[in-house]
Every structure is written in structure tokens, then in C-alpha cells.
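Written below as C-alpha cells is the structure these notes are about.
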Amino acid sequence: MINLLFFGRLGDLAKDAPTCIASLEPDTTPLGIRQMMKADHPELSKALSEPQVLVSVNKMIVKWDEPLFEGDELAFLPPVTGG
Amino acid sequence: MPLNDDDFMRYSRHLLMDDIGEVGQQRLSDARVLIVGLGGLGCPVALYLAAAGVGQIGLCDPDHVDITNLQRQVLYRTDDCGRLKVDCAKQALEALNPGIVVSVFPREIGSEILADRYDLVVDCTDNLEARQIMNRACYSQEIPFVSAAAVVWEGQLVAFDFGHFRSLCFDCIIDHNSAEPMMNCANSGVVGPVLGIMGSMQATTVIRLLLGYFEQHGEMTRYDGKRGQWLSIHCNRNLDCPTCGSASD
């Protein structure tokens, strides 16, 4: 199982989205999780596809093609650029 | 310039602290800090650094005060509308602390401003291009870079101590070819105190760096004001980074 965290305003779009993935397929990546959201959570999927969305695994920023493993915590962080 | 009798009164609450004291206050007084962007982040950063006695402060922003700024940009007053932000800020900061020197640059950030031997640069801007220019200049000059951003209820802070760490920089985290996100303060809004929180954290980080108490090179802090949540995450160096990818450490 991996836990999912949709930080900040992504949380508003993820109210009905899963908070964990119980059964992890081999070679699953954050990009794969994003694609999984496309059918049932199109608005969330669109927000995750914006420029400068960051993804972290176990509180470490990773690339979208980082392999995920059992027990990981995957967090999606929306872009923040204003000042 | 050595501390004088007035300084001992003004900064007494720093001087009482063992880990600041006279030596630390003198370091702040000797420091030259450039603040780029005088919006919602730059206002609290400038106020706190001026009050703390950072001796020389550069202010860079081409914009004029607009009434829509006043909901969050706490340096300005209604009568300031139409004036250059850097002029209003200089006047306010010098009234707060006449013992500091404030220089103004009413234009976009560029390499000629960054080349002026600052000890540290604070990014309070709202766009990626400016952040990339500052990141690369700070990296090449081996000086710290403190960057923050905010939109709606959310804030982000990340700082780099390039004098001590030569790998991992802003370009490692945000791809240098990235497009700007769709949401910004002008089209989506922002909660004023969120900027105050992030700007205060920037100012605290600046003081930590100037005093030698900073050990979180490249660590990112995120704040969600709507839910009252904080998140600290580590960033990885990118070996393909155009700025620091070839660094050996």
C-alpha cells in the first residue's frame, strides 16, 4: 500500500479521490498514479498536469518517473509562484 | 560601523540573546542584502530586516503602488497610490530605522544590480524568469539565495547557502524550461497574512544565514493556510542542472 497526499488546493479537488493505493503494480510511478486519476477525477488530473507541480516520495522531491514501493508516502504539491 | 549608544538601546532585545549579542548585531549591521520584489512578500521582509538593523538594504521593483496592493502590501498607505514602490518603501524603512542605508532600483532585476557585492539576495518576486536570474547570480557569486512565493492560501520557502554548498539550486527543483503556472495572485487572489507568514520566515532565514545558523540548504517548506498544515521536504540535486549540475560536491 502507498499513501497519497494532495497538498494545499489540490486537496479541494481530491475530496473524492483515494487516499491510498492498496495494491501496487510493479513499476508504478507518480506519473502512473496521475494517469489513474484521469477517468474518475478529471479536474484533479488536470491540476496535477499543470506546469511546476512537484511530487515527493517520503518527503523527498522526485521526478515523475520515480518507481514507487510498498509503504511509500506520495505527495503532490501544487505550484506556488506569486509574491 | 561600530554600534553606538542608540544602537545598544534599539537592538537591546537582540543584545540580550546569547546567540545574537553584540557580535551578531554587528554582523547584521555590516550586512548588505538585496530584496527583489516589493509586493506582499517584500514588504514584511524589508520591514523586519530594517528593524533588525541590517545595515545596507537594496530594494528592486519597477512597479508603482496600486490600490489593489493595499490588501496585503503592508508598507504602503492609500496616499502612496501612483508612487514608485521602492520610493515609498525607502521612506518607510528610513523612518523606522534611520541608522540603515537603503538603495533603490526602480527596474526589473538584472545582472548589473546583482553584481553589486551583496551578501545575500531575497527573492520576493512572482515569476520564474526573475528567480532563475537571481539563482544563477547567487550561485556564481557563492552567496545565499532565499526564495519564497505565495498564492491563494499557500506559501513556499526554499533557501540555498551557496557559500557552503555547491550542488542543489533552484534550477534543480523547477525545470528551467517550465511554463508559468496558470494561477497567480493577480488572477486567483491571495490571503494577505499568508504573505506575512512567508515573508517573516524569509526574514528569519536571512537573519539565520547572516549569523551562521542555517543548515537546511535546499530544504523546502510549504504552508497551507486554509488547513493550517506545514510540510518540509528535501530536494535532490539534478545532475543535468544547467546551473550546478557539474559541481563536484
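Each chain gets a letter, A, B and so on, in the order its sequence line appears, and its residues count up from 1. Worth saying up front: this structure is predicted, and the values here are computed from it rather than measured.
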Go through the atoms of B/L128 and report whether side chain, backbone, both or neither lie under 4.5 Å from a heavy atom of chain A. side chain
Using heavy-atom distances under 4.5 Å, tell me whether B/S147 contacts chain A through its side chain, its backbone, both, or neither. neither
Do you know which of B/R131, B/R72, B/M198 has the most heavy-atom pairs under 4.5 Å to chain A? B/R131
Which atoms of B/V190 approach chain A - backbone, side chain, both or neither, heavy atom under 4.5 Å: neither
I'd like to know which of A/P79, A/S56, A/P51 tops the heavy-atom pair count under 4.5 Å against chain B. A/P51
Give a yes/no verdict on a cation-pi contact between B/R166 and B/Y139, requiring under 6.0 Å between NZ or CZ and the six-membered ring centre and an angle within 45° of the axis. yes
Geometric cation-pi criterion B/R208 and B/F214, 6.0 Å radius, 45° cone: no
If you count heavy-atom pairs within less than 4.5 Å of chain A, which of B/G39, B/A179, B/G40 leads? B/A179
Given that the side chain runs from C-beta out, which part of A/T81 has a heavy atom under 4.5 Å from chain B: side chain, backbone, both or neither? both
Interchain contact, B/E219 with chain A, by part (heavy-atom threshold 4.5 Å): neither
Any chance the side chains of B/T125 and B/N127 put a donor and an acceptor closer than 3.5 Å? no
Within 45 degrees of the ring normal and closer than 6.0 Å to the centroid, is that where the cationic atom of A/R9 sits relative to B/W153? no
Under 4.5 Å heavy-atom distance to chain A, tell me which part of B/C235 shows up: side chain, backbone, both or neither. both
Of the backbone (N, CA, C, O) and the side chain (C-beta and beyond), which part of A/D12 lies under 4.5 Å from a heavy atom of chain B, both, or neither? both
Counting only heavy atoms closer than 4.5 Å, note whether A/L77 contacts chain B via side chain, backbone, both or neither. both
Within the side chain of B/R222, is there an N or O that forms a donor-acceptor pair under 3.5 Å with the backbone of A/P78? yes
Ignoring hydrogens and geometry, is there a side-chain-to-backbone donor-acceptor pair from B/D80 to B/R77 under 3.5 Å? yes
Between B/R136 and B/Q141, does any side-chain donor sit less than 3.5 Å from a side-chain acceptor? no
